[in-house]
Protein chains: 2
Amino acid sequence: MTENKNEEQSEPNEFHDLDEETLFIVSQTFKALSDSTRIRILNLICNKEYSVNEIAEHLNLRQSTVSHQLRFLKNLRLVKYRREGTTLYYSHDDEHVINLLKQTIEHAEHH
Amino acid sequence: MTENKNEEQSEPNEFHDLDEETLFIVSQTFKALSDSTRIRILNLICNKEYSVNEIAEHLNLRQSTVSHQLRFLKNLRLVKYRREGTTLYYSHDDEHVINLLKQTIEHAEHH
DNA sequence: TTAATATATGAATATATACTCATATATTAA
DNA sequence: TTAATATATGAGTATATATTCATATATTAA
């Protein structure tokens with residue numbers, strides 16, 4: 001045995017580039033959080049669910065703008081919805097991403 | 001005294017939209033992390049400093065591409081550099097952002 | 001000063017993105 | 001079925017962004 005506690009027999013200081021899939025997931029995750037409109041939407045719905053129209057009203061955005069961005073977030077599984085009649089109530093669906101957002105808001109506000 | 005422990009006398013469930021400055025900082029921070037090239041650069045230099053050319057060689061990128069992206073990261077104070085002759089050694093300069101990146105890479109790799 | 005080397009920068013291009021309008025779709029109630 | 005309402009979607013437009021090439025700038029050594 002050596003003093004190298006790594007799983008593989010690689011040099012401790014060797015650099016490993018990120019594989020394509022990881023890179024894609026990471027960049028998509030941050031891309032979702034890089035737009036002001038999506039940030040505001042997530043910040044709104046992170047505490048309770050809202051319908052599309054409610055989101056549009058609270059944030060003073062067009063219905064289609066909200067719908068497009070919700071589709072974006074839905075594709076990444078960052079939000080989910082619950083149907084009640086013709087109304088769709090959206091809420092967040094990824095604790096990790098909400099944590100990233102909250103951390104960063106916190107950090108931005110206190111620095 | 002009431003049971004409301006908040007600093008302000010607002011409703012507990014009242015929604016507060018983010019102010020413009022916070023929104024700007026948060027979106028810029030995530031925008032920095034939303035590009036594959038910048039992710040790879042930060043992932044490389046988060047452990048030790050590298051010159052511009054070293055970064056370009058390790059990541060198989062053009063020198064100008066690296067330089068442009070380093071300027072982007074420098075403007076946000078996410079990286080800093082140290083001069084040695086004509087060589088500039090870049091390293092990260094924002095622990096919080098590196099943490100965000102590491103968290104998310106970790107999360108992406110294990111899910 | 002000159003040459004060599006490392007890095008930065010500006011312009012051009014290609015691509016991605018966000019928003020809006022108009023309209024389609026879907027659900028419910030009458 | 002029809003009307004009313006909520007949401008989704010597609011096309012068009014404007015803007016932002018990433019990359020590249022060519023070249024400028026800066027530092028050092030000869």
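Values in this document were obtained by computation on a predicted structure and should not be read as measured data. So you know, we letter chains A, B, ... as the sequences are listed, proteins then strands, and number each from 1.
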Holding to side-chain hydrogen bond (donor to acceptor under 3.5 Å, both in side chains), I want the full list of residues that pass it with [X], two or more places apart in sequence or in another chain.
{"X": "A/Q103", "result": "B/Q103"}
{"X": "B/D19", "result": "B/T22"}
{"X": "B/N47", "result": "none"}

Sequence neighbours excluded - salt bridge (Lys or Arg N to Asp or Glu O under 4.0 Å) pairs with any residue from residues 98-111 of chain A: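 Matches after skipping sequence neighbours: none remain.
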Show, in sequence, the C-alpha distance, side-chain angles and deciding distance for B/R40 and A/D17, and conclude whether the salt bridge (charged side-chain N to carboxylate O under 4.0 Å, His left out) test is met. CA-CA 7 Å; B/R40 294 174 72 214; A/D17 200 2; 2.6 Å; yes
For A/Y90, the option from A/V52, A/L73, A/I41 that meets side chain to side chain contact (heavy atoms under 4.5 Å, CB included):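 Exactly one candidate clears the test, A/V52.
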Once side-chain contact (heavy atoms from CB on, under 4.5 Å) is applied, do any residues pair with B/D93, and if so which ones, sequence neighbours excluded?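 B/D93 satisfies side-chain contact (heavy atoms from CB on, under 4.5 Å) with B/K80 once adjacent residues are dropped.
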Without placing hydrogens or testing angles, list every side-chain donor-acceptor pair under 3.5 Å for residues 64-72 of chain B, not counting sequence neighbours.
| unit_1 | atom_1 | unit_2 | atom_2 | d |
| --- | --- | --- | --- | --- |
| B/H68 | ND1 | B/R71 | NH2 | 3.4 |
| B/Q69 | OE1 | B/R38 | NH1 | 2.9 |

Measure the distance from [atom1] on [X] to [atom2] on [N] and round it to the nearest whole Å.
{"X": "B/R83", "N": "D/dT25", "atom1": "CZ", "atom2": "P", "result": "15 Å"}
{"X": "B/F72", "N": "D/dT19", "atom1": "CZ", "atom2": "P", "result": "11 Å"}
{"X": "B/L73", "N": "D/dA18", "atom1": "CG", "atom2": "C1'", "result": "13 Å"}
{"X": "A/Q28", "N": "C/dA16", "atom1": "CD", "atom2": "P", "result": "11 Å"}
{"X": "A/N60", "N": "C/dT20", "atom1": "CG", "atom2": "P", "result": "10 Å"}
{"X": "B/E84", "N": "D/dA26", "atom1": "CD", "atom2": "C1'", "result": "16 Å"}

Contact list for DNA chain C against residues 31-49 of chain B - heavy-atom distance below 4.0 Å: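 When residues 31-49 of chain B is checked for heavy atoms under 4.0 Å from DNA chain C, there are no hits whatsoever.
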With sequence neighbours left out, write down each residue that passes ring-ring contact (aromatic ring centres under 6.0 Å, His included) with B/H92, or none if nothing qualifies.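 Scan of B/H92 (ring-ring contact (aromatic ring centres under 6.0 Å, His included), adjacent residues dropped) gives none.
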List, with names and distances, any nitrogen or oxygen atoms from the protein found under 3.5 Å away from nitrogen or oxygen atoms belonging to nucleotides 7-12 of chain D.
| unit_1 | atom_1 | unit_2 | atom_2 | d |
| --- | --- | --- | --- | --- |
| D/dT7 | OP1 | A/V52 | N | 3.3 |
| D/dT7 | OP1 | A/L88 | N | 3.2 |
| D/dT7 | OP1 | A/L88 | O | 3.4 |
| D/dT7 | OP2 | A/N53 | N | 3.0 |
| D/dT7 | OP2 | A/N53 | ND2 | 3.0 |
| D/dA8 | OP1 | A/Y90 | OH | 2.6 |
| D/dA8 | OP2 | A/S67 | OG | 2.9 |
| D/dA8 | N7 | A/Q63 | NE2 | 2.8 |
| D/dA8 | N6 | A/Q63 | OE1 | 3.1 |
| D/dG10 | O6 | A/H68 | NE2 | 2.9 |

Using the ring pair (Phe, Tyr, Trp, His ring centres under 6.0 Å) rule, collect all pairs that involve residues 48-67 of chain B, keeping only residues at least two apart or in two chains.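 Residue pairs passing ring pair (Phe, Tyr, Trp, His ring centres under 6.0 Å), neighbours aside: B/Y50-B/H58.
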Residues which pass salt bridge (charged side-chain N to carboxylate O under 4.0 Å, His left out) with A/E84, listed by chain and number, not counting sequence neighbours: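 Residues passing salt bridge (charged side-chain N to carboxylate O under 4.0 Å, His left out) with A/E84: A/R82.
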Runs of at least three consecutive pairs that involve DNA chain D, where pairs are Watson-Crick or G-U with distances under 3.5 Å: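 As far as DNA chain D goes, consecutive pairing (with distances under 3.5 Å) yields the stems C:1-30 with D:1-30.
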Would one find a side-chain N or O of A/Q69 under 4.0 angstrom from OP1 or OP2 of C/dT17?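 Answer no for this pair, as no side-chain N or O of A/Q69 is under 4.0 Å from OP1 or OP2.
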